[in-house]
Amino acid sequence: MRYDVAIVGAGPAGAAAALRLARAGADVCIIERAQFPRTKACGEYLSAGTVRMLDGLGVAKVLAAHAALLQGVRLFGNGTSAELRFSVPAWSLPRATLDAALLDAALEAGAFCMLGRAERFVCDATAVRVDVRTPDGNIEQIHASVLVGADGAQSVVAREFALNAPSRGRRRFALGGHYAGLRDLGAHLQMFVDGRSYFAVNPMTDGRANVMLIVDEDDLHERRDDVDDFMRQRAAALSGGRIRFDGAVLEGKRIAIGPLAHRARRFSAPHVLLAGDSAQFLDPFTGQGVYLALRAAELASQAIVLRLSGHVSERRAWGEYEMGLRRELVRRRRLSAIVSLLVRVPLLAKRAADLVERKPRVFRPLVDAVTGAR
């Protein structure tokens, strides 16, 4: 089967790119190994900027009925606390709902989705062949002028085309899931920070919450035989007893995600682009993952439309994509680093908390920049 574009991965980056490309008239095939709807605990905080992008894709009205509004974030750490209000409310939304809505919109626009695992890629002068292992064990071959790798931080596409950069720094993992029975959460995202470890509680609808604990790999290995008890103890310690799991019920399985570090040396190769976490995975502390996925999908679809039109060379179109995505990532990394310093360095945290209490508007520009409210 031959298509203009084959996209590996039907998450936010892949589905949004497919939606934009199908609306632009391209023949698109999405290759996804998981049966939808699927449960994921990451990417359930959606900033104001993310909601605005979803509105631009035409899916925000459908999703709004399933979202809980978040009015701000409460930060606790280093003996201090601060409450930062959002200029524009954020959303708390189940990933299964988000993913399904984006994929449905892409299919309605004319994209095709194949259930299977991309196993092999063969590139020639004009196209890419993807060998897909279907659920019945057969191999289906997809031929496309352009291949988009939107298959996450452990991207097969990035690995097969030698686009990954060497890993560096400490490896961290996220543990958590969806809990019912956590009381008095209100309409604020709550973050509890201690050095490089932190604990996040994202209130959802119906008295449920997305709970995530970020820990170093060494801590995880040390407590690998009692991960659930470790998570409860660490969460209680980081929150100073504010969040307790007494009476809380884990819905479904506990989820482990990681390592929380991935970056590509380049975001493109001949006939190939990377988007979303396949290109770079940022620290989830500031909740910019879904926004970056949707932004990468926007930039990638623009580059691919130019490439398919024949008006510009692939080299030029891919160069513009690389430049645009790197510019966005640099900006987001800088904002994340500023917030991290203000929260994790004790002296700065105390001064920032005092200033927030006395003059909350001082931090409004930073909060607006991080959330994309303006």
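We count residues from 1, following the sequence as given. Bear in mind the structure is a predicted one, so any value in this text is a computation, not a measurement.
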Ignoring hydrogens and angles, tell me if any N or O in the side chain of [X] forms a donor-acceptor pair with the backbone of [Y] under 3.5 Å.
X: Asp4; Y: Asp27; value: yes
X: Arg265; Y: Ala162; value: yes
X: Ser278; Y: Gly152; value: yes
X: Asp151; Y: Val157; value: yes
X: Ser92; Y: Pro203; value: yes
X: Arg52; Y: Gly372; value: yes
X: Glu322; Y: Ser268; value: yes

Within-4.5 Å side-chain heavy-atom neighbours: [X] and [Y]:
X: Gln302; Y: Arg20; result: no
X: Val201; Y: Tyr179; result: no
X: Thr205; Y: His66; result: no
X: Gln288; Y: Ser47; result: no
X: Leu329; Y: Arg332; result: no
X: Phe36; Y: Leu115; result: no
X: Phe161; Y: Leu147; result: yes
X: Ile7; Y: Cys29; result: no

| field | Test side-chain contact (heavy atoms from CB on, under 4.5 Å) applied to Ser145 and His271, Arg2, Arg307, the passing residue | value | Arg307
Side-chain heavy atoms under 4.5 angstrom apart, residues restricted to Ile, Leu, Val, Met, Phe, Trp, Tyr: same cluster for [X] and [Y]?
X: Ile142; Y: Val122; answer: no
X: Leu57; Y: Tyr291; answer: yes
X: Val211; Y: Met204; answer: no
X: Leu274; Y: Val5; answer: no
X: Ile31; Y: Leu273; answer: no

First locate atom [atom1] of [X], then atom [atom2] of [Y], and finally report the distance between them rounded to the nearest 0.5 Å.
X: Ile30; Y: Phe112; atom1: CD1; atom2: CZ; answer: 10.0 Å
X: Glu314; Y: Leu306; atom1: CD; atom2: CG; answer: 12.0 Å
X: Leu292; Y: Arg295; atom1: CG; atom2: CZ; answer: 10.0 Å
X: Arg361; Y: Arg85; atom1: CZ; atom2: CZ; answer: 11.0 Å

| request: Apply side chain to side chain contact (heavy atoms under 4.5 Å, CB included) to the pair Ile304 and Val148, showing each step before the final yes or no. | output: CA-CA 10 Å; Ile304 293 168; Val148 177; 3.6 Å; yes
| Evaluation steps, side chain to side chain contact (heavy atoms under 4.5 Å, CB included), between Leu98 and Leu46 | CA-CA 10 Å; Leu98 172 65; Leu46 305 180; 4.2 Å; yes
| For residues Glu140 and Thr134, is any side-chain donor paired with an opposing acceptor at under 3.5 Å? | no
| task | For the pair Asp131 and Arg133, find out whether any cationic side-chain nitrogen is under 4.0 Å from an anionic carboxylate oxygen. | result | no
| Is the shortest side-chain N to carboxylate O distance from Glu44 to Arg95 below 4.0 Å? | no
Which atom names give the shortest non-hydrogen contact between [X] and [Y], and what distance separates them?
X: Leu299; Y: Gly324; result: CD1-C, 3.7 Å
X: Leu103; Y: Ala10; result: CD1-CB, 4.3 Å
X: Ala60; Y: Trp91; result: O-CH2, 3.4 Å

| request: Could you check whether the rings of Phe192 and Phe76 sit parallel, tilted or perpendicular, using 30° and 60° as the cut-offs? | output: parallel
| If you draw a 6.0 Å radius around CZ in Arg33, do more than 12 non-hydrogen atoms from other residues or ligands fall strictly inside? | no
